[in-house]
Amino acid sequence: MTKTILITSGPTREYIDPVRFISNASSGKMGKAITETALKKGFNVIVVKGPSESKIKTSKKCRVINIVSAEEMFKAVKENLKFADIFIGVAAVADYKPVSFSKVKIKKNQNILNLKLKKNQDIIKYVAEHKGFKTVAGFALESDNVIKYAAKKLKEKKLDMIVANGPETISSDKSNPVLLFADGREKKLGRGTKQYVAKEIINEIIKIESYKTC
Ligand code: C5P
């Protein structure tokens with residue numbers, strides 16, 4: 001039977017008032033490349049996509065759910081988890097959101113404006129805790145100790161695989177990642193386009209899936 005991959009992609013936006021938000025520079029390019037590769041390899045794909053320039057076409061085999069905030073991303077993931085055999089958390093989910101949202105535009109009449117933030121739900125952690133037989137893969141973007149911190153996230157979030165990247169990856173057409181696996185293996189991919197990286201990631205996912213059926 002055709003397997004379904006649920007993917008999160010792009011940034012999330014955490015609105016402070018009607019026109020201002022907290023976000024990051026994620027372009028959605030990696031999520032798009034993974035979606036297109038997965039479709040070429042015959043998977044069905046559900047993409048929960050944050051706002052970015054990268055467009056993903058909806059088709060019979062590809063459902064695109066557009067969201068804005070991490071809370072909306074989490075809700076869409078929870079609702080669609082039952083349809084998925086594999087989850088890939090590509091999104092650069094905003095870590096924090098404002099404690100309160102101002103319905104009116106905040107006036108700039110203070111020299112110092114304090115913004116109180118609270119942590120967003122860790123979506124991939126929730127997925128891994130409820131994964132059953134699903135394969136769960138994530139990304140880690142680190143500015144220092146890339147492998148060490150990615151390995152820590154792999155373990156803490158109970159993932160099957162994590163893609164460790166440096167900060168030059170964000171918005172770029174290329175990346176130079178190392179794949180880390182739950183069994184302790186490491187695979188350096190070398191620098192290449194996000195399409196090349198996506199192919200390598202999907203091939204590794206296919207391998208993990210095939211071990212399961214052995
Ligand atoms: O932000 P962090 O480095 O922890 O991201 C690592 C992985 O966790 C990524 O795959 C990202 O999509 C996922 N994540 C998530 N929900 C969050 C934060 C991160 O699913 N709130």
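Computed from a predicted model, the values in this text were never measured in an experiment. We count ligands from 1, going down the list as the structure has it; atoms in each ligand are counted the same way.
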Point to revise | Verdict with reasoning, M30 to V163, per side chain to side chain contact (heavy atoms under 4.5 Å, CB included) | key: CA-CA 11 Å; M30 195 69 241; V163 183; over 6 Å; no
Point to revise | Protein contact to atom 10 (O) of ligand 1 [nearest heavy atom, distance to 0.1 Å] | key: G89 O, 2.6 Å
**Study point:** Electrostatic pair K75-E71, nearest N-O below 4.0 angstrom
**Key:** no
Practice item. Grab the two heavy atoms, one from K194 and one from S172, that are nearest each other, plus how far apart they are. Key: NZ-O, 2.9 Å
Check your understanding: A70 near ligand 1, heavy-atom distance under 4.0 Å?
Key -> no
Check your understanding: Which atom names give the shortest non-hydrogen contact between V136 and A128, and what distance separates them?
Key -> CG2-CA, 4.4 Å
Practice item. Give the single entry among K157, K125, K97 that approaches atom 14 (N) of ligand 1 most closely by any heavy atom. Key: K157
**Study point:** Name of the residue among T58, N80, T4 meeting side chain to side chain donor-acceptor pair (under 3.5 Å) with R63
**Key:** N80
Exercise for review: Using distance alone, determine whether E142 and ligand 1 share an N or O pair under 3.5 Å.
Suggested key: no
Check your understanding: Can you find an N or O of V90 that's nearer than 3.5 Å to an N or O of ligand 1?
Key -> no
Practice item. Counting heavy atoms only, name the option from L154, I124, V127 that's nearest to atom 20 (O) of ligand 1. Key: I124
**Study point:** Side-chain heavy-atom pair T35, C62 within 4.5 angstrom cut-off
**Key:** yes
Revision key, fill the gap. Here the gap from I162 atom CD1 to Y149 atom OH, rounded to the nearest 0.5 Å, amounts to 14.0 Å
Check your understanding: Which of the atoms in ligand 1, numbered in the order shown and given with their element, are less than 4.0 Å from a heavy-atom of A91?
Key -> 11 (C), 12 (O)
Point to revise | Contacting atoms of ligand 1, where contact means under 4.0 angstrom from a heavy atom of G138 | key: 10 (O)
Review point. Which is it for T135 and E209 under the side-chain hydrogen bond (donor to acceptor under 3.5 Å, both in side chains) test, yes or no, and what are the steps along the way?
Key: CA-CA 7 Å; T135 297; E209 289 294 304; 2.4 Å; yes
Check your understanding: Considering only heavy atoms, which of V93, T12, I162 lies nearest to atom 17 (C) of ligand 1?
Key -> V93
Check your understanding: Within less than 4.0 angstrom of ligand 1, does I88 place any heavy atom?
Key -> no
Point to revise | Proximity of F101 and Y15 rings by center, below 6.0 Å | key: no
**Study point:** Minimal non-hydrogen separation, S9 against M73, with atom names
**Key:** O-CE, 3.8 Å
Exercise for review: Just do the side-chain hydrogen bond (donor to acceptor under 3.5 Å, both in side chains) check on N44 and K60 with the steps written out, would you?
Suggested key: CA-CA 9 Å; N44 291 326; K60 252 198 199 158; over 6 Å; no
Exercise for review: Return a yes/no value for A94: is any of its N or O atoms, backbone included, closer than 3.5 angstrom to an N or O of ligand 1?
Suggested key: no
Check your understanding: Does A92, backbone or side chain, put an N or O under 3.5 Å from an N or O of ligand 1?
Key -> no
Check your understanding: Can you tell me which residue and heavy atom of the protein come closest to atom 2 (P) of ligand 1, and the distance to 0.1 Å?
Key -> K153 NZ, 3.5 Å
Point to revise | Atoms in ligand 1 flagged as close to D95, the criterion being non-hydrogen separation under 4.0 Å | key: 1 (O)
Review point. Q121 to ligand 1: N or O pair under 3.5 Å?
Key: yes
Review point. For atom 16 (N) of ligand 1, what's the nearest protein heavy atom and its distance?
Key: I123 N, 3.0 Å
Revision key, fill the gap. The protein heavy atom nearest to atom 7 (C) of ligand 1 is F139 O, 3.0 Å
